[in-house]
Amino acid sequence: MLNTKSIQLKIGATFVSFLFLVMIISLFYLPYEVNYMVVEDRFLPPSLEHPFGTDNFGRDILSRIMQGSQTAFLVGFTAVSIGGIGGTIIGAIAGYVGGWIDEIFMRIMDAMMAFPGILLALMFITVFGSSLTNTTIALGIMSIPGFARIARSGFIQYKQFDFVKAANGMGASHVSIIFTHILPNVLSPIIVAASMSFAGAVLAEAGLSYLGLGVQPPDPSWGRMLNEAQSYITKAPWYTLAPGIFITITVLGFNLLGDGIRELRDPRK
Amino acid sequence: MAFLLRRCFTFFVTILIVMIMTFLVFRIIPGDPALTILGMDAEPEQIAALEKELGTDRPLYEQFLDWAGGVFTGNLGESLRFSQPVSELVIDRIPVTLSLAIMSIVITMFLAIPIGIYSAKKQGSWVDTALSITTQIGMAIPSFWLGIILMLIFGLTFKWFSPTGYVPWSENPSEALNSLFLPSLAIAIPQIAVVVRYLRTTMIEQLQLDYVRTAKSKGLKEKSILYIHVLKNALIPVITIFGMIFADVLAGSLVIEQVFALPGFGRLLISSISYRDLPLIQGMVVIIAFIVLLMNFIIDILYRWLDPRIELK
């Protein structure tokens, strides 16, 4: 059993490192300029010059995929940071203080969870307009309740421990108890959640960009590329493959990484 | 009874918070709503008239009470884009999205339960491992990409199903089924993966319990233990993730309707965003959130009723 678990972690880490490498390379080198259009080269099937073919403007799909990985990492990282920090603080206060503050915070989190999937983001985009920044902030806010719930249950569990009572007795402030005594203990489920949320944010961004509500053209985004690919699906069926596979690998990689870390930290389950 | 009361209370409080949130989000729009509609060079009299019509000249809490009262009586205001009551527009779109949701859930249960049982039965074998990999991939694939691929293969290449468009049930039931099958399948596949994984875990947990050993030792057949005793107990926890699945299916149909050009809830919502048709979007968001909360409420009560051992957290 132990063997299969480490495999999950290994595959996840491999996928994530691969994508990270692609992202780093794309910062310094791209085979073609992402918006370089060659009219005669429209809809070229995969070849040595264009491993993933070319799109409806004759742009190189591989270059756009590579550039798109920057968008994916930027959105994932920013959204997880907003959700992780915001959610952990809310969950920490709710769990540590308890009482009616807990009740109010958690009811608000429940209410946020009633907006399924991208609905909260759609609301946000309607109000503030569609741009990559707004989409990312919306996805970050969307992931707050998940982190808050995990942090809260950790804080409820740990605040009863003797070492917390001891710290309190020695005159440690609540802020220092929350951050230096309890938080390090509940960090591992939060890291697992961060990995899973990263996957969720990438998936949601792809969906929103597919709908034309995330990344705006001509900037490349995997979701946006799938939208363009669908319009020319009979002419260039290969166009849809690369963006789809890259989204899947990213989501799969971060999910497996999260699962792997969880099993490593908590071998009972 | 105490459970029921408390659950009802939290249900209504959460609905109230959802409504306040939806209301406030649409009120913090940068710029004056009347100005946005009329454009920059509108006359002050025109703006004042429209503000009166929209009710934005009154205090915030009055506007909220007005709107909230409307939500409960089915009056969600009038769409700016269609000049039609929001409730009418929404009712028109319900059959498509509801059919999609129901079909996806039926497909999910129909496939996920047998696969989950099989995976648990073959626990540790290569079939189990293969299924575990497949379900991981299934959860990672974006459903709209899946939709595009299914459309390409079964709609455009083999022509077994219509690639896009929708035929109402009342017109031709078999055509309607045909037009909804691929989108439902695309929504269902990630959900199948989730249910298979969850059912496998609960089945394996159940198989290790004492009652299974007792049943075995009194000579019950392997099959009747698995399908009668274990499955029944393993399916009860699956009900709890049903609320999540239902919400995911609704969210999935928002995007999938776009892929297959189905005139449902999602298409109306997405197309209204670029028009900034605020009353319509606000109304639809509240309705979706209400449906999700109601489903979760029903599921919680159902779960409690099926398994009275569960204490209220």
Side-chain angles (χ1 to χ4, degrees), chain A residues 1 4 7-8 11-12 15 103-104 106-120 122-130 199 202-204 206-208 210-213 222-223 226-227 229-230 233-234 237 240-241 243-245 247-256 259 269, chain B residues 10 13-22 25-30 124 129 132 136-137 139-149 151-152 156-157 163 201 244 246-252 254-255 258-259 266 269-270 272-274 276-278 281-282 284-285 288-290 292-293 296:
Chain A
M1 277 311 270
T4 56
I7 281 176
Q8 222 179 24
I11 297 175
F15 282 175
E103 193 69 21
I104 291 173
M106 283 302 125
R107 281 289 85 75
I108 293 174
M109 294 298 116
D110 280 356
M112 281 172 78
M113 282 184 150
F115 302 101
I118 55 171
L119 197 63
L120 208 63
L122 287 180
M123 222 157 83
F124 199 86
I125 289 165
T126 310
V127 173
F128 295 103
S130 56
V202 170
L203 202 55
L208 287 168
Y210 171 79
L211 295 173
L213 298 169
W222 298 339
L226 280 179
N227 181 323
Q230 196 192 349
I233 187 98
T234 43
T240 181
L241 286 179
I245 289 171
I247 298 169
T248 308
I249 290 178
T250 313
V251 177
L252 186 64
F254 279 97
N255 275 343
L256 288 174
D259 263 351
K269 281 200 170 175
Chain B
T10 57
V13 170
T14 316
I15 284 182
L16 188 69
I17 299 173
V18 161
M19 287 177 67
I20 293 173
M21 276 167 59
T22 320
V25 164
F26 286 98
R27 283 305 127 130
I28 50 172
I29 290 183
T129 313
S132 162
Q136 278 285 10
I137 296 172
M139 289 193 297
I141 293 184
S143 60
F144 60 95
W145 183 48
L146 213 56
I148 297 172
I149 303 263
M151 183 200 285
L152 177 65
L156 296 168
T157 311
T201 315
M244 193 190 81
F246 189 80
D248 278 353
V249 163
L250 269 186
L254 294 183
V255 187
Q258 216 67 16
V259 179
L269 183 67
I270 307 293
S272 304
I273 288 177
S274 50
R276 290 176 67 93
D277 191 344
L278 302 179
I281 299 167
Q282 197 173 20
M284 294 183 84
V285 166
I288 294 174
F290 178 77
V292 169
L293 284 174
N296 280 318

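Chain letters run A, B, ... following the sequence lines, proteins first and then strands; every chain starts at 1. Note that this is a predicted model, so its numbers are computed, not measured.
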Study note, to complete from the structure: Bottom line for B/Ser143: the part with an atom under 4.5 Å from chain A's heavy atoms is neither
Review point. What's the shortest heavy-atom distance between A/Pro116 and B/Ala247, and which atoms?
Key: CB-O, 3.4 Å
Point to revise | chain B contact via A/Ala206 - side chain, backbone, both or neither, heavy atoms under 4.5 Å | key: both
Practice item. Output the distance between atom OG1 (B/Thr14) and atom CE (A/Met106), rounded to the nearest 0.5 Å. Key: 12.5 Å
Point to revise | Exercise: identify the closest heavy-atom pair between A/Thr240 and B/Trp145 | key: O-NE1, 2.9 Å
Review point. Taking the side chain as C-beta and beyond, is there a heavy-atom pair between A/Phe115 and B/Ile288 under 4.5 Å?
Key: no
Check your understanding: Of the listed residues (B/Val292, B/Ile15, B/Ile148), which shares the most heavy-atom pairs with chain A below a 4.5 Å separation?
Key -> B/Ile148
Point to revise | Part of B/Met19 lying under 4.5 Å from any heavy atom of chain A | key: neither
Revision key, fill the gap. From the list A/Gly244, A/Gly207, A/Gly253, the residue making the most non-hydrogen contacts under 4.5 Å with chain B is A/Gly244
Check your understanding: How long is the span from the CE atom in B/Met244 to the CE atom in A/Met113, to the nearest 0.5 Å?
Key -> 10.5 Å
Point to revise | Gap separating the CG atom of A/Leu119 from the OG1 atom of B/Thr22, nearest 0.5 angstrom | key: 8.5 Å
Exercise for review: Return the minimal non-hydrogen interatomic distance between B/Met139 and A/Val251, and the atom names on each side.
Suggested key: O-CG1, 4.5 Å
Review point. Where does B/Leu156 contact chain A at under 4.5 Å (heavy atoms): side chain, backbone, both or neither?
Key: side chain
Review point. In terms of heavy-atom proximity below 4.5 Å to chain B, should A/Ile11 be classed as side chain, backbone, both, or neither?
Key: neither
Exercise for review: Looking only at non-hydrogen atoms, find the nearest pair between A/Leu252 and B/Gln136 and report the distance.
Suggested key: CD1-O, 3.4 Å
Practice item. Taking all non-hydrogen atoms of both residues into account, name the closest pair between A/Ile247 and B/Pro142 and its distance. Key: CG2-CG, 3.6 Å
Study note, to complete from the structure: CZ (A/Arg107) and OG1 (B/Thr10) are apart, to the nearest 0.5 Å, by 5.0 Å
Review point. Which one of A/Ile245, A/Thr250, A/Thr234, A/Leu213 has the most heavy-atom pairs closer than 4.5 Å to chain B?
Key: A/Ile245
Point to revise | Option in A/Leu122, A/Ile118, A/Asp110 with maximal non-hydrogen atom pairs under 4.5 Å from chain B | key: A/Leu122
Practice item. Check each atom of B/Ile137 against the heavy atoms of chain A and say whether the ones under 4.5 Å are side chain, backbone, both or neither. Key: both
Check your understanding: Do the side chains of A/Leu211 and B/Leu254 get nearer than 4.5 Å, heavy atoms only?
Key -> no
Practice item. Measure across B/Ile141 and A/Thr248 and return the closest heavy-atom pair with its distance rounded to 0.1 Å. Key: CG1-CG2, 3.6 Å
Revision key, fill the gap. Of A/Leu120, A/Ile125, A/Leu203, A/Asn227, the largest count of non-hydrogen pairs under 4.5 angstrom with chain B goes to A/Leu203
